[in-house]
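Contents: one structure, followed by commentary.
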Amino acid sequence: MSKAMLEIFYDAAEKVNSAAINAWKAQGKKIVGNTCSYVPAEIFHAAGILPVRLRGIETDNMAVGDTYFGPYICSFPKCILQLAGEGRFAFLDGAVITPGCDAMRRLDECWRKAGEDIPGIVPPFFYYFDVPHKTAPHGLDWFKEEIRRLIQAVEQHFHLSITHEALRASIRQYNQGRRLLKQLEDLRATPEAGITGADAFAVAVAGTVLPREEYNSRLAELLQVLEQNLPAVADGKKRLLTMGSISDDMDLIRLIEGHPKALVVAENLCFGVRYEGPELEENGDPVAAMAQGYLGKSTCPRMYGKYQERLDILKQTIARAKVEGVILQNIRFCDLHGSENSLFQRDLEAMGIPCLKIEREYGPLTEKGRIKMRLDAFLRQL
Amino acid sequence: MTLTAGCDVGSLTAKAVIMRDGRIIGAQVVKSRAKPEISAKEAMAGALTAARVALEDVAACVGTGYGREKIPFVKEVVSEIACHAKGAKWLVSSARTVIDIGGQDCKAMRIDEHGEVIKFITNDKCASGTGRFLDVMARVLGISVDELGRLSAGAKQPVTLASTCTVWAQADVIKYLNSGIAVADIGAGINIAMANRVAILANSVKAEHDVCMTGGVAKNNGVVQTLAQLLGRRITVPRKADPQLAGAIGAAIIAGQL
Amino acid sequence: MRPELKEYHYDWMLWRILAPASRVADGSAKELTHMYRYAPYFKGILQPILQEGAVGSTFLKMMTRYMENLNTAHRRGKKIAITTFCFSPAICYALDVVPVTLEVVTAVGGLMWKRGTFDYLDYACEIGFTETSCSSQRGALGAYLAGLGEEIDMVLCDTPGICDTNANAFAFAAAYLKKPFYHLNYPQGLADQRTEKYHVDDYKAMIRFMEEHSGNRLDQDRLREILREVDRQDALLADLEELHRLIPAPLPPIYNVFNYVGRFLFSGSPEYTRLLEQMVKKVRENVVARRSGLNSGKEKLRAFLCYIDHYSLNWNFWNWMDTRGIAHMGGILSRGFRDNACYTAELPGSSYSLDMGSLETMLDSIAQMNARLPMVRSIRGPYDQPNMWLEESLAVAKMFQADFMIYNGTPGCRNTWGMVKPFAREIEKHGYPVHIMYADAFDDRVESWAATQERLNEFLQVRGLL
Amino acid sequence: MFFVGCDVGSLTAKVVIMDEERIVAWELQQVGTSPGDAAEAVLAAALSKAGLARNQIDCGVGTGYGKAWIPFVQRTESEITCHAKGVRWQIPLARTVIDIGGQDAKAVRLDADGKVVRYIYNDKCASGTGRFLEVMAEAMEVNLADMGTLGCKSTCKIPISNQCVIFAETEVVSLINEGREIPDIINGLHHALAGRVASLARSIGVEQTVVMSGGVAKNQGVFQALAERLDLPMQAVEAFDPQLSGAVGAALLAKNNYELGITN
Ligand SMILES: Nc1ncnc2c1ncn2[C@@H]1O[C@H](COP(=O)(O)OP(=O)(O)O)[C@@H](O)[C@H]1O
Ligand SMILES: Nc1ncnc2c1ncn2[C@@H]1O[C@H](COP(=O)(O)OP(=O)(O)O)[C@@H](O)[C@H]1O
Ligand code: SF4
Ligand code: SF4
Ligand code: SF4
């Protein structure tokens, strides 16, 4: 596998204005951002719009973010607002905000308010997409209706029509990507692991930004090369899994893998495998398929009362990838992941799988020394 | 007759220890400087002088602490969590829970009979559970950290402090001081606030059996006593050597196993 | 947690203090002195309660009854559910389940002991519940997580979609204690048909869940009886609110506490109706005498609490208001949006009515009632949408002729801290000075009362209010 | 006729003696453990500079953290009011005052008449205050007064994101260890501080003219970084040391009080 093959993934994963985004805009096409893995990308794909997951990378201060958000709020939405306020999301034709969590939900009004003070930073299509916290039949119905409304709103705003046919085609495209990523995950589960955690994570994060067709073909190429000759990356290293709050941060994985004995072989992050989720039903009503597929995945603690399901998924991943230690990270003020991490720690350690809990800020990785100190001790423990 | 050394460059102090056959023959604590290599050299020079040996005689030296990557003369670097565990084990052989409070962090760990870490936790929220907190407060009170530790004993009605931010707690202390509240009561309040923060950590690893405390703050009797009350366990403060040296001692022991 | 505390049950300790306190309410001065010696710190709050005479005594008896109920529930074969405030406990009474409203029980603990609920707050963190979570649940929850309370049989909450950190506390408790969990979920809508249907569906599913885990069936007649009581209470509350608009405000500040506790622990129970009747009577006397409800006797300013209306660490905050001649005009959290409430006239479409015609209409009404409890509505969505935080705070403040507003909350409150800055900016534009307190209403280790008070004084001074 | 304003802060005690029109003497000293003594000391020094006796002072106002312990004033006022007053005296058009002192940072908005319309303090933690710079100066072993000039030498700003002062110190130490240039680190610190204070000011709305006061106003690096973050020109108090703004305001209020009949 050559470095060049990974370049496009890294570019998309580590830059706000990535080459892919610039190229797309250069063709005069539209881009809509979203803030959470519960927003069906297929809707935009079917409309010929590039859906990108919004990021908060490359911030160096929080002068805008802290103006609207209060002090006790997760730094992720603050970073997004900061970038918006600096005009760094000028490429967006639209943004979809969800009530992923309270902090994210407040991004809706904070962004609008910032827009009153700093003209031009609110994308023309600014949409609040409701996601219920329930998978019960009434929750599913609600979500279906929300999807229908979103489709309508996109059609109206962008003057186009999104047919069920097109949606089904998009579902197929996205499913293909999901299968490919699954394949990558399977490779990482082999004794050789084949790819470093940082590289694999770059591939996963890039999936939230790159045009799907391109992504699928690049990923297929990568997989082909890997499968022909699987590098023995694992090489006696400890196999780790990372999970928890929002993280699209390559630096964190690099820091972990900077330790000579550490390799990240799996993750359960909402910029990674959780974003992709399970494959959707390709036939039948595409709206129902999206509702079922997106809401049905209960891998995020915002779906209350489903801890046991999440634990089961985690256990399966751990067994499959032969994970020896789990790194549970959360962003400060993220109570959802922060406290669920403690439950995971309790239950995983009871099964003999050591866990390391880290609390940090989103944004440029700091406290490297502190994290390294704990990582060193953790790896000694394994 | 091999000589080993450990060097622990912390945020506030740098410590070096020379050991021969499991005994300390020289040790030194110096204040940390802006450049860790200088602190390390100073501490090591002091320890070598005390031990009356030369650096060339030392078979292996292990470095630890925040500045560990910058120590020029070490063979290997090891995380301070592991070093403190080993050091604590050497200092108090029955210890199974170690609480180490240094200048800028606080760790609680459970260790096995070989001094290996089974479970640990460190504070990552704010400096208010660390030695820095005490330093800042002692400065406001115009006393030394030594005295601060002794104040608890004479307190009648300890004050309650806002304990989430060191700097704000400082404002509270100034206010109490100015309104004429006895220094002992304020000092005790400071030690209690500190112990409260630490107790949360210690309880999260489920403090067990013999609890031993290391790091500079172990010398603060007020904190140790309050913490013991909060945990409902006796806390042993090492007497074999200065508890502040635990990290360096652990490093020297690990150096012997290389 | 300090080991000696592990010897006592949280709710048992509350009971043991409340029981004698409620007895001395009718006792001699000597007994009272004795009681104060027995619970020195409690004195701070007991005194002002007892000062309210019959109302105070009824309140203490009501609380004692509640604690007795809770402490003996299992012996009497009843199930216990932990619930959240802004959830009407009437349904629990209808199903003969004993509700433990965490926030209220935290507040009571905070008022009673010198160290408040600190040990329990910290215990929750020790077992890995995030320290940044809302302290109003974390306090009492710590006790239940530590097994220092009656065993919980089920967990009910109605905050998903409203407040994550709150919902998360209940989800965590259920997973940690391995207890059945049900949550009412609130999507983005407020009162349109689609939303109302969702609420009712969800509410009915909750009733099925409660039936399953309590072994009781919902009895239509019992429900009607309880709703009739709720109806009486609503009418009394509407009276109180109407009277409160007078200048000087005739309600003693402490009535706010009685109401808060009453609504979230006793909604639908006859004791609460009695308490409200006595409160109305007393207030009418004040009106006739043109008396201010303040102890200081003279009303200088009227404050509206745009969020949590109580600072439940001892009596300091109320005292501070009282001695400065500030009338407590209640908070957004003390509103119920029943159709007879005076402020609903200003807010078209905000109210609901109770219809006790059939089981179906009763369930409809009660689901609507629940969906209109203030945290569930006002603070749920964007503050600048119709019938939400901004509009309702302004309407209520205007109705009660408030001079300024105070935001009082907990650092755990993602929900409001996420928007309080733009909110305050907007409110200021309407001419109300707003003070944002950085303190924690349940934990003064976050900001000491001395510091909080200094900031409050400064606010009054600098903004030229006093 | 002479008036005295005394501002006993967390770090320094300041006194200003004015006659009807101008400042006749001032003094600034560190506060030890007793704010009362510090106040006495600065007053004594200022009196002797002005050649005045204590009984020649007609009226005094105190402010700052230690205001309750200043023995020689008739009244105390909030720092917010005093800083605003002091700044407006020199810059009558000032509508926003940003004061960064040792323990807190505040932004104050004034109406055209100089009345306080809104104000806000730094929240949560001390990371947006002068104390932050002091701690860092100590860690880097540079002089506090030199930080401004040092930081301005740098063209690259290293992001320093830690909220907690003490932890930010760790971050700085590790940056030094990585071999980063001191001026670049300082520049990063200035921007970090400025970013935090800018968001405070913006959340209550910033109106021109913006003026900075308090001890940190003497730090050129922070001043520039703040102007950059606010994206607005800012003005500096020049007629007197900006650290004295609070005391100047207090002295002016003392004069007002005197005119209203509140005297010794
Ligand atoms: N004699 C003493 N009495 C009480 N406390 C002390 C004493 N000496 C040091 N300390 C405390 O120990 C802390 C430094 O601990 P140390 O373990 O040297 O930290 P680090 O390893 O991070 O440099 C100081 O902050 C101080 O509070
Ligand atoms: N000469 C100087 N150059 C730059 N900054 C300074 C200088 N002197 C003081 N400061 C800054 O000013 C702060 C103190 O400001 P001050 O207004 O006196 O605070 P306070 O009123 O709280 O005592 C210090 O923390 C320091 O950061
Ligand atoms: S963590 Fe959950 S709520 Fe947050 S963005 Fe990811 S999927 Fe959405
Ligand atoms: S990390 Fe947690 S708090 Fe932050 S945006 Fe994601 S879910 Fe919300
Ligand atoms: S105070 Fe805030 S955080 Fe706490 S329960 Fe209420 S809305 Fe939630």
Side-chain angles (χ1 to χ4, degrees), chain A residues 66-74 77 99-110 112-114 116 128-134 136-139 141-143 145-146 301-308 311 330 332-347 357 359, chain C residues 124 127-134 155 157 159-165 167-172 174-176 178 180-189 194-195 197-198 200-202 205 381-385 409-423 425-426 436 438:
Chain A
D66 276 330
T67 300
Y68 304 94
F69 280 110
Y72 309 108
I73 297 288
C74 163
C101 65
D102 287 342
M104 268 312 188
R105 182 161 62 118
R106 295 296 172 223
L107 182 61
D108 172 63
E109 54 222 299
C110 287
R112 281 188 285 114
K113 291 296 136 181
E116 289 173 12
Y128 184 83
F129 178 64
D130 195 21
V131 185
H133 292 81
K134 287 218 149 168
H138 56 283
D141 283 345
W142 183 276
F143 193 52
E145 182 58 26
E146 288 299 316
R302 79 177 294 282
M303 302 306 281
Y304 300 105
K306 303 217 174 236
Y307 169 70
Q308 201 54 46
L311 181 63
N330 80 287
R332 185 146 171 79
F333 300 117
C334 179
D335 302 315
L336 295 183
H337 286 98
S339 38
E340 186 149 296
N341 280 352
S342 304
L343 292 171
F344 284 135
Q345 179 171 32
R346 175 190 73 172
D347 293 338
K357 250 186 349 182
E359 185 178 281
Chain C
I127 61 164
F129 186 55
T130 45
E131 187 181 28
T132 51
S133 295
C134 180
V155 179
C157 81
T159 43
I162 293 149
C163 170
D164 282 339
T165 189
N168 183 53
F170 289 88
F172 180 87
Y176 189 85
K178 302 198 166 72
F181 172 76
Y182 192 88
H183 64 97
L184 289 174
N185 170 214
Y186 292 89
Q188 66 165 325
R194 177 180 170 228
T195 308
K197 178 169 181 314
Y198 189 91
V200 172
D201 286 349
D202 215 16
Y383 72 89
D384 53 353
Q385 296 295 299
T410 87
C413 192
R414 259 20 105 225
N415 201 15
T416 52
W417 278 111
M419 56 176 171
V420 71
K421 283 184 180 177
F423 169 81
R425 220 164 97 180
E426 214 70 42
I436 299 180
Y438 287 105

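These figures come from a predicted structure and were not determined experimentally. Residue numbers start from 1 in every chain, and the chains themselves are labelled A, B, ... in the order their sequence lines are given, proteins ahead of strands.
Just one residue in the list C/Thr132, C/Asn168, C/Thr165 forms a side-chain hydrogen bond (donor to acceptor under 3.5 Å, both in side chains) with A/Ser339, and that residue is C/Asn168.
The residue among C/Ala169, C/Ala171, C/Pro160 with the most heavy atom pairs within less than 4.5 Å of chain A is C/Pro160. Put simply, of C/Ile436, C/Thr195, C/Asp202, C/Val155, the one with the most heavy-atom pairs under 4.5 Å next to chain A is C/Asp202. Each of A/Asp141, A/Asp347, A/Leu343, A/Thr67 has some count of heavy-atom pairs under 4.5 Å with chain C, and the biggest count is that of A/Leu343. With chain A as partner, the option from C/Pro422, C/Ala205, C/Pro411, C/Cys157 having the largest number of non-hydrogen pairs under 4.5 angstrom is C/Pro411. Looking only at heavy-atom pairs under 4.5 Å with chain A, the residue among C/Trp417, C/Tyr186, C/Tyr182 that has the most is C/Trp417. Interface check for chain A: of the options C/Gln188, C/Arg194, C/Met419, the most heavy-atom pairs under 4.5 Å are formed by C/Arg194.
Using a distance-only test at 3.5 Å, with no hydrogens or angles considered, a donor-acceptor pair links the side chain of C/Lys421 to the main chain of A/Asp66. In terms of modelled atom types and a separation under 3.5 Å, the side chain of A/Lys134 and the main chain of C/His183 share a donor-acceptor contact.
Both the backbone and the side chain of C/Phe129 come within less than 4.5 Å of a heavy atom in chain A. In this structure, chain C has no heavy atom under 4.5 Å from any part of A/Gln308. With a threshold of 4.5 angstrom between heavy atoms, C/Tyr383 approaches chain A through its backbone and through its side chain. Residue C/Ala174 does not touch chain A at all, counting heavy-atom pairs closer than 4.5 Å. Only the side chain of C/Arg425 comes within less than 4.5 Å of a heavy atom in chain A; its backbone stays farther off.
In this structure, A/Pro71 and C/Tyr438 have side chains that are in contact, with non-hydrogen atoms separated by less than 4.5 Å. Side-chain contact between C/Tyr176 and A/Tyr307 is absent, with no heavy-atom pair separated by less than 4.5 Å. By the 4.5 Å heavy-atom criterion applied to side chains, C/Cys413 and A/Tyr72 are not counted as neighbours. Side chains of A/Glu146 and C/Pro187 form no contact here, defined as non-hydrogen atoms less than 4.5 Å apart. The closest side-chain heavy-atom distance from A/Arg106 to C/Asn415 is below 4.5 Å. Residues A/His133 and C/Asp164 are in side-chain contact: their nearest non-hydrogen atoms beyond the backbone lie under 4.5 Å apart.
Minimum interatomic distance between A/Asp108 and C/Pro382 (heavy atoms only, all atoms of both residues): OD2-CG, 3.8 Å. Between A/Cys110 and C/Gly418, the shortest heavy-atom distance links the atoms SG-O, 3.1 Å. Contact record, A/Glu109 with C/Asp384: OE1-OD1, 4.3 Å, taken as the closest heavy-atom pair.
Note that CZ of C/Arg414 is 14.0 Å distant from CE of A/Met104, once rounded to the nearest 0.5 Å. Separation of atoms CD (A/Gln345) and CD1 (C/Ile127) is listed at 12.0 Å; rounding is to 0.5 Å. Distance check, rounded to the nearest 0.5 Å: CD of C/Glu131 to CD of A/Glu359 gives 8.0 Å. Rounded to the nearest 0.5 Å, atoms OG1 (C/Thr416) and CG (A/Asp102) are 9.5 Å apart.
C/Tyr198 is linked by a ring-ring contact (aromatic ring centres under 6.0 Å, His included) to A/His138, A/Trp142, counting only residues two or more places apart in sequence or in another chain.
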